[in-house]
Undergrad: 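Before we start, here is the structure in question, set down as structure tokens.
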Amino acid sequence: MNSAASRFPLPHRAARRTLLASAATLLAATTLTGCGLFGESWDVKMEVTGTGQADVAYNFSGKNNQTKAPGETLPWQVSQNVGFGFNGVAVLHPPPGTACRIYVDGKLRESSDQPDADGAVSCTVNLQEKPRRG
């Protein structure tokens with residue numbers, strides 16, 4: 001007799017179910033809060049203006065990896081609804097006159113047209129909480 005009941009006595013099966021339920025709850029909470037479903041959320045639009053082509057790299061809060069978009073034709077833009085965290089866009093080897101902008105809920109929050117020491121034009125916004133009125 002090699003059933004699950006014989007391999008896992010009741011205390012072990014209960015512990016296993018509890019562990020699985022806890023893991024599922026933690027995963028769901030982490031995923032949902034990163035999307036702003038629990039707590040604040042913002043509509044973020046990143047744009048790069050200019051002419052020609054450039055390598056663009058960007059990251060929305062809640063994402064672990066930067067997205068790379070090589071050889072994009074300018075002007076370029078991308079939008080997403082996000083939760084708490086950092087949002088950024090960088091233009092690598094930008095043609096002259098290139099600028100980046102980040103809009104949050106339709107309002108300009110960050111812009112730059114000045115290359116950094118590595119020659120990239122970049123913008124970053126850290127979203128923590130919505131401004132209080134009053």
Side-chain angles (χ1 to χ4, degrees):
M1 179 176 215
N2 195 12
S3 69
S6 65
R7 287 188 309 226
F8 297 106
L10 184 58
H12 288 85
R13 285 189 292 168
R16 183 181 222 183
R17 271 188 298 223
T18 301
L19 180 63
L20 289 174
S22 297
T25 301
L26 179 62
L27 178 63
T30 302
T31 301
L32 295 175
T33 56
C35 297
L37 296 178
F38 293 127
E40 304 290 343
S41 70
W42 296 266
D43 291 320
V44 173
K45 178 174 86 169
M46 299 178 194
E47 70 177 23
V48 177
T49 59
T51 58
Q53 292 187 323
D55 296 336
V56 179
Y58 63 96
N59 190 54
F60 286 106
S61 59
K63 303 289 183 186
N64 292 332
N65 296 321
Q66 189 176 59
T67 301
K68 295 179 182 173
E72 287 292 325
T73 301
L74 303 181
W76 172 93
Q77 72 176 20
V78 64
S79 299
Q80 187 169 320
N81 185 269
V82 301
F84 297 107
F86 288 93
N87 301 271
V89 60
V91 187
L92 312 173
H93 315 294
T98 299
C100 65
R101 293 184 184 93
I102 299 179
Y103 295 86
V104 178
D105 292 337
K107 296 179 182 166
L108 179 63
R109 289 276 299 267
E110 175 77 12
S111 66
S112 178
D113 61 359
Q114 299 299 311
D116 62 18
D118 295 323
V121 173
S122 61
C123 296
T124 304
V125 171
N126 182 8
L127 300 175
Q128 295 301 318
E129 61 183 35
K130 292 204 178 200
R132 298 185 194 277
R133 296 182 185 181

Undergrad: So which heavy atom on Ile102 is nearest to which on Cys123, and how close?
TA: CD1-O, 3.5 Å
Undergrad: Tell me whether Trp42 is reachable from Phe86 by hopping between hydrophobic residues (I, L, V, M, F, W, Y) whose side-chain heavy atoms are closer than 4.5 Å.
TA: no
Undergrad: Verify the cluster assignment for Phe84 and Val125: are they in a single hydrophobic cluster under the rule of side-chain heavy atoms below 4.5 Å apart?
TA: yes
Undergrad: Got a second to check how far Leu74's CG is from Gln77's CD, nearest 0.5 Å?
TA: 12.0 Å
Undergrad: Could you pull out the closest heavy-atom pair between Ala120 and Pro94, with the gap in Å?
TA: CA-CD, 4.4 Å
Undergrad: Distance from Gln53 atom CD to Thr98 atom OG1, nearest 0.5 Å?
TA: 11.5 Å
Undergrad: Do you know which two heavy atoms are closest between Thr49 and Pro75, and how far apart they sit?
TA: CA-CB, 4.4 Å
Undergrad: Just verifying a value: how many Å separate Asp116 CG and Ser122 OG, rounded to the nearest 0.5 Å?
TA: 5.0 Å
Undergrad: Closest approach of His93 and Asp55, non-hydrogen atoms and distance?
TA: CD2-OD2, 4.3 Å
Undergrad: Applying side-chain contact (heavy atoms from CB on, under 4.5 Å), run through Arg109 and Leu127 and close with a yes or a no.
TA: CA-CA 10 Å; Arg109 289 276 299 267; Leu127 300 175; 3.7 Å; yes
Undergrad: Is it possible for you to say whether Leu92 and Met46 belong to one hydrophobic cluster, with membership spreading through side-chain heavy-atom contacts below 4.5 Å?
TA: no
Undergrad: Kindly give the heavy-atom pair with the smallest separation between Gly83 and Ser61, and that separation in Å.
TA: O-OG, 2.8 Å
Undergrad: OG1/Thr67 to CD/Gln80 distance, rounded to the nearest 0.5 angstrom?
TA: 8.5 Å
Undergrad: Does Val56 belong to the same Ile/Leu/Val/Met/Phe/Trp/Tyr cluster as Val44, with side-chain heavy atoms less than 4.5 Å apart forming each link?
TA: yes
Undergrad: Just wondering, do Leu108 and Arg101 contact through their side chains at under 4.5 Å, heavy atoms?
TA: yes
Undergrad: Strictly distance-based, threshold 3.5 Å: is any side-chain N or O of Asp105 a donor or acceptor partner for the main-chain N or O of Asp43?
TA: yes
Undergrad: Do you know which two heavy atoms are closest between Ala99 and Asp113, and how far apart they sit?
TA: CB-CB, 3.8 Å
Undergrad: Is the ring pair Trp76/Tyr58 parallel, tilted or perpendicular, if the boundaries are 30 and 60 degrees?
TA: tilted
Undergrad: Got a second to check how far Cys100's SG is from Gln114's CD, nearest 0.5 Å?
TA: 10.5 Å
Undergrad: Hey, any chance Val82 and Tyr103 share a hydrophobic cluster, counting ILVMFWY side chains that come within less than 4.5 Å of each other, even indirectly?
TA: no
Undergrad: A quick test of your reading: do over 12 heavy atoms of other residues, nucleotides or ligands sit less than 6.0 Å from NZ of Lys63?
TA: no
